[in-house]
Amino acid sequence: MDKQRDKSIRRNRRRIGIRKRITGTPERPRLSVYKSVHHIYAQIIDDLDGRTLAAASTAEKDVGAGDKTGNAQAATLVGAKLAERAKAKGVTQVVFDRGGFKYHGRVKALAEAARKAGLSF
């Protein structure tokens, strides 16, 4: 149990360090990523106004992740859906906030799918 608690503390420290440097503006909002064991969540946030402009996750029914929601393929679908929703709101450039997670696996798959679908960061 201590190992899991220590891992969580380290991730939160990294997340706080990242958030000190990254801020979402109306011109370039922040793409925030959170992953749990079963799902991955992403949202585009304007930190100055304190509002979420677009969001997508594997917990939604219309994302189409199917049975498996905790894998890279599901994260790719979330990234594409998020980019589609962001472009509908007029957002094309974002700042990527990986939330203290390594840029690897599901986080990387989500980011690459969002880039491929038209977001630039």
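If you read the sequence from its start, that first residue is 1, and numbering goes on from there.
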- dist R10:CZ -> R13:CZ (nearest 0.5 Å) comes out at 9.5 Å
- Item | Ion pair E84/K116, N-O distance below 4.0 Å | no
- Contacts of R14 that satisfy side-chain hydrogen bond (donor to acceptor under 3.5 Å, both in side chains) - sequence neighbours left out: none
- Query: If you take all heavy atoms of A83 and A114, which pair is closest and at what distance?
  - Reply: CB-O, 3.8 Å
- Is a salt bridge present between D6 and R11, judged by a nitrogen-to-oxygen distance below 4.0 Å? no
- Message: Side chains of L53 and R51, heavy atoms from C-beta outward: is any pair under 4.5 Å?
- Response: yes
- Are S120 and Q93 close enough that some pair of their side-chain heavy atoms sits under 4.5 Å apart? yes
- Task: Evaluate the side chain to side chain contact (heavy atoms under 4.5 Å, CB included) criterion for residues R19 and D47: first the C-alpha distance (whole Å), next the side-chain angles of each, then the deciding distance (0.1 Å), finally the verdict.
- Result: CA-CA 11 Å; R19 287 287 287 123; D47 289 319; 3.6 Å; yes
- Please round to the nearest 0.5 Å and tell me the distance separating atom CG of L77 and atom OG1 of T69. 11.0 Å
- Task: Kindly indicate whether the side chain of L82, heavy atoms from C-beta on, has any atom under 4.5 Å from the side chain of I44.
- Result: yes
- Please say whether more than 12 non-hydrogen atoms of neighbouring residues, nucleotides or ligands are located less than 6.0 Å from CD in Q73. no
- Shared hydrophobic cluster for I45 and F96 (ILVMFWY, side-chain gaps under 4.5 Å): no
- Query: Mind checking whether V33 and L110 have side chains closer than 4.5 Å, heavy atoms only?
  - Reply: yes
- Task: With the side chain counted from C-beta on, respond yes when K81 and T76 share a heavy-atom pair under 4.5 Å apart, and no when they do not.
- Result: no
- Note on the structure: dist I22:CD1 -> L31:CG (nearest 0.5 Å) comes out at 10.5 Å
- Side-chain touch P29/V95, heavy atoms, less than 4.5 angstrom: no
- Task: Supply the atom-to-atom distance T58 OG1 to K35 NZ, rounded to the nearest 0.5 angstrom.
- Result: 12.5 Å
- Note on the structure: Minimal heavy-atom distance between A109 and A75, with the atoms involved, is CB-CB, 4.3 Å
- Query: Going hydrophobic residue to hydrophobic residue with side-chain gaps under 4.5 angstrom, can you get from F101 over to I18?
  - Reply: no
- L48 and P26, any side-chain heavy atoms less than 4.5 Å apart: yes
- Task: Kindly say whether A54 contributes a backbone atom to a donor-acceptor pair with the side chain of T52 at under 3.5 angstrom?
- Result: no
- Heavy atoms of A111 and F121 approach each other most closely as O-CZ, 3.5 Å
- Note on the structure: Here the side-chain hydrogen bond (donor to acceptor under 3.5 Å, both in side chains) pairs for residues 95-106, sequence neighbours left out, are R30-D97, Y103-R115
- Residues D2, R5: salt bridge by 4.0 Å N-O rule: yes
- Task: Evaluate the side-chain proximity of S32 to Y41: yes if any heavy-atom separation is below 4.5 Å, no if none is.
- Result: no
- Can you see which heavy atom on D46 is nearest to which on G24, and at what distance? OD1-O, 3.6 Å
